[in-house]
Participant: 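Would you mind keeping the following structure in view while I ask a few things?
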Amino acid sequence: MNISRLFSALLSCLALALPAAAQDGVGTPLQGDLLTGWQQADGRRVAAIRLRMAPGWKTYWRSPGDAGIPPEFDWSGSDNLHDVQITWPAPKVFDQGGVNSIGYAREVILPLTITPRRPGAPVSLDASIDLGVCSDICLPQTIRLRALLDTRDSKPTPAIAAAFAARPFSGAEAGLKSAHCSLRPTARGLEIVTRLALPSAGGKETVVIEPGNPNMWMSETISQRSGNTLVASGEMIAENGTALALDRSAIRITVIGKNHAVEITGCTSG
């Protein structure tokens with residue numbers, strides 16, 4: 001079982017509910033609000049979740065590492081909402097007692113690209129977000145954010161535009177030549193080895209592999225670089241003993257380096 005998910009379940013009784021607008025709540029390590037953004041020419045709307053952490057606290061990326069708590073989003077309270085796509089800015093890697101966690105400190109803005117059910121009509125956005133924040137201790141938090149998206153303005157909001165620009169580079173932007181992955185059965189699941197022909201992202205690189213299947217847990221990886229070749233390996237395990245089903249085109253590989261991060265979707269056999 002994923003240790004972080006078990007930890008989250010054991011501490012769920014400590015969750016806090018915060019209002020939509022950021023408050024000055026004494027002792028509250030996490031504050032959140034919604035930035036309402038603009039409307040695109042195609043009818044979709046752009047907004048953002050802004051999370052602010054107290055000094056010394058951090059929160060987690062979509063794949064938080066073995067020491068983190070993965071965020072979960074519930075949009076079911078929204079009206080006129082068909083789909084929400086989250087753009088994740090490049091995260092940082094933190095060392096928690098020799099175990100890596102991946103996330104953000106101080107502040108992070110998560111851009112949202114929103115498709116309405118009824119184009120042109122306002123969207124009432126209602127987000128319930130379960131996530132973890134950590135300092136010397138880790139606490140699960142629940143925040144509830146609401147906003148009405150009804151602007152006709154097409155001018156981008158600078159803070160949201162900057163968060164879009166802070167996303168990882170694509171493989172093409174980073175000079176990726178090829179991405180291969182090989183699979184081998186293990187006693188518990190599958191070993192995956194990825195081989196990337198990719199220039200260095202700078203310094204010590206952390207490689208995160210996401211299986212593209214929510215019912216599969218992925219271990220931390222071990223990686224090694226030789227010139228422009230970066231090799232990383234880890235183990236995939238199906239939760240609850242279910243059968244393994246893996247689509248190579250859905251595998252997502254993120255390389256986090258000192259200078260930048262790179263996100264690669266899909267890998268070929270080899």
Side-chain angles (χ1 to χ4, degrees), residues 12 15-25 28 30-53 59-64 69-91 103-104 107-133 140-170 173 210 212-215 247 249-250 252 254 263 265-266:
S12 61
L16 301 176
L18 298 180
Q23 300 287 328
D24 292 330
T28 299
L30 175 70
Q31 300 172 1
D33 62 343
L34 280 169
L35 306 180
T36 53
W38 65 94
Q39 181 170 300
Q40 297 184 155
D42 62 6
R44 293 187 296 172
R45 295 183 178 273
V46 175
I49 296 166
R50 178 168 56 188
L51 301 173
R52 291 170 167 165
M53 281 67 69
T59 193
Y60 294 101
W61 187 49
R62 62 171 188 253
S63 181
I69 300 171
E72 296 184 1
F73 300 83
D74 181 356
W75 311 98
S76 61
S78 303
D79 182 59
N80 191 30
L81 179 65
H82 174 67
D83 183 61
V84 179
Q85 297 293 324
I86 302 172
T87 296
W88 295 86
Y104 309 96
E107 177 180 296
V108 62
I109 294 175
L110 304 178
L112 309 173
T113 302
I114 296 161
T115 303
R117 290 189 181 277
R118 302 182 303 278
V123 174
S124 178
L125 195 63
D126 187 328
S128 178
I129 311 168
D130 294 327
L131 70 170
V133 290
Q141 304 274 280
T142 297
I143 60 174
R144 186 78 176 270
L145 306 176
R146 301 182 183 91
L148 181 65
L149 310 180
D150 61 353
T151 184
R152 300 281 180 163
D153 191 356
S154 61
K155 183 179 179 180
T157 304
I160 303 177
F164 271 121
R167 64 167 178 77
F169 291 147
S170 68
E173 291 169 333
E210 297 171 86
N213 182 334
N215 296 317
D247 177 0
S249 67
R252 185 157 43 183
T254 304
E263 187 173 294
T265 301

Participant: One thing to verify: whether K155 and D153 come together as a salt bridge, which I'm taking to mean a side-chain N less than 4.0 angstrom from a carboxylate O.
Facilitator: no

Participant: How long is the span from the CG atom in L149 to the CG atom in D79, to the nearest 0.5 Å?
Facilitator: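 One finds 11.0 Å between CG of L149 and CG of D79.
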
Participant: Rounded to the nearest 0.5 Å, how far does CD of Q141 lie from CD1 of I143?
Facilitator: 8.5 Å

Participant: Give me the atom names and distance for the closest heavy-atom approach of A163 to P111.
Facilitator: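 For A163 versus P111, the nearest heavy atoms are CB-CG, 3.6 Å.
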
Participant: Would you check if P91 and Y104 make a side-chain contact, meaning some heavy-atom pair closer than 4.5 Å?
Facilitator: yes

Participant: Has R50 got a side-chain atom pairing as donor or acceptor with Q31's backbone, closer than 3.5 angstrom?
Facilitator: no

Participant: So do the side chains of R45 and T151 get within less than 4.5 Å of each other, counting heavy atoms only?
Facilitator: yes

Participant: Mind listing the closest non-hydrogen atom pair of A47 and I114 along with its distance?
Facilitator: CB-CD1, 4.0 Å

Participant: Would you please name every residue forming a salt bridge (charged side-chain N to carboxylate O under 4.0 Å, His left out) with R62, sequence neighbours left out?
Facilitator: E210, E263

Participant: Looking at CG of L112 and CD1 of I49, how far apart are the two atoms once the value is rounded to the nearest 0.5 Å?
Facilitator: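 Going from the CG atom of L112 to the CD1 atom of I49 covers 4.5 Å.
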
Participant: Determine whether P89 and V108 make a side-chain contact, defined as any pair of heavy atoms from C-beta on separated by less than 4.5 Å.
Facilitator: yes

Participant: Using side-chain heavy atoms (C-beta onward) and a distance below 4.5 Å, is W38 in contact with T157?
Facilitator: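 Heavy-atom side-chain distance check passes, below 4.5 Å.
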
Participant: Taking the side chain as C-beta and beyond, is there a heavy-atom pair between T254 and W61 under 4.5 Å?
Facilitator: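 Yes - at least one pair of side-chain heavy atoms lies under 4.5 Å apart.
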
Participant: Whether the side chain of N80 engages the backbone of P122 through a donor-acceptor N/O pair (distance < 3.5 Å, no angle test) should be reported.
Facilitator: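 Checking the backbone N and O of P122 against the side chain of N80, a donor-acceptor pair under 3.5 Å is found.
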
Participant: To the nearest 0.5 Å, what is the distance between CG (L145) and CG (L34)?
Facilitator: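 Result: 4.5 Å between the selected atoms.
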
Participant: Taking all non-hydrogen atoms of both residues into account, name the closest pair between I109 and A48 and its distance.
Facilitator: CG2-CB, 3.6 Å

Participant: Please report the interatomic distance CD(Q39) to CZ(R44), rounded to the nearest 0.5 Å.
Facilitator: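 The CZ atom of R44 is 11.5 Å from CD of Q39, to the nearest 0.5 Å.
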
Participant: Between A90 and P168, which heavy-atom pair has the shortest distance, and what is it?
Facilitator: N-CD, 3.9 Å

Participant: Quick one: side-chain hydrogen bond (donor to acceptor under 3.5 Å, both in side chains) pairs with a partner in residues 82-91, sequence neighbours left out?
Facilitator: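 Sorted pair list: D83-Q85.
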
Participant: Scan for side-chain hydrogen bond (donor to acceptor under 3.5 Å, both in side chains) pairs involving residues 115-127, sequence neighbours excluded, and state none if there are none.
Facilitator: D126-R144, D126-R146

Participant: Which value, rounded to the nearest 0.5 Å, describes the distance between T59 atom OG1 and L131 atom CG?
Facilitator: 4.0 Å

Participant: L125 versus W75: any side-chain heavy-atom pair under 4.5 Å?
Facilitator: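 In contact.
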
Participant: Kindly check if the number of other-residue, nucleotide or ligand heavy atoms within 6.0 Å of CZ (F164) is above 12?
Facilitator: yes

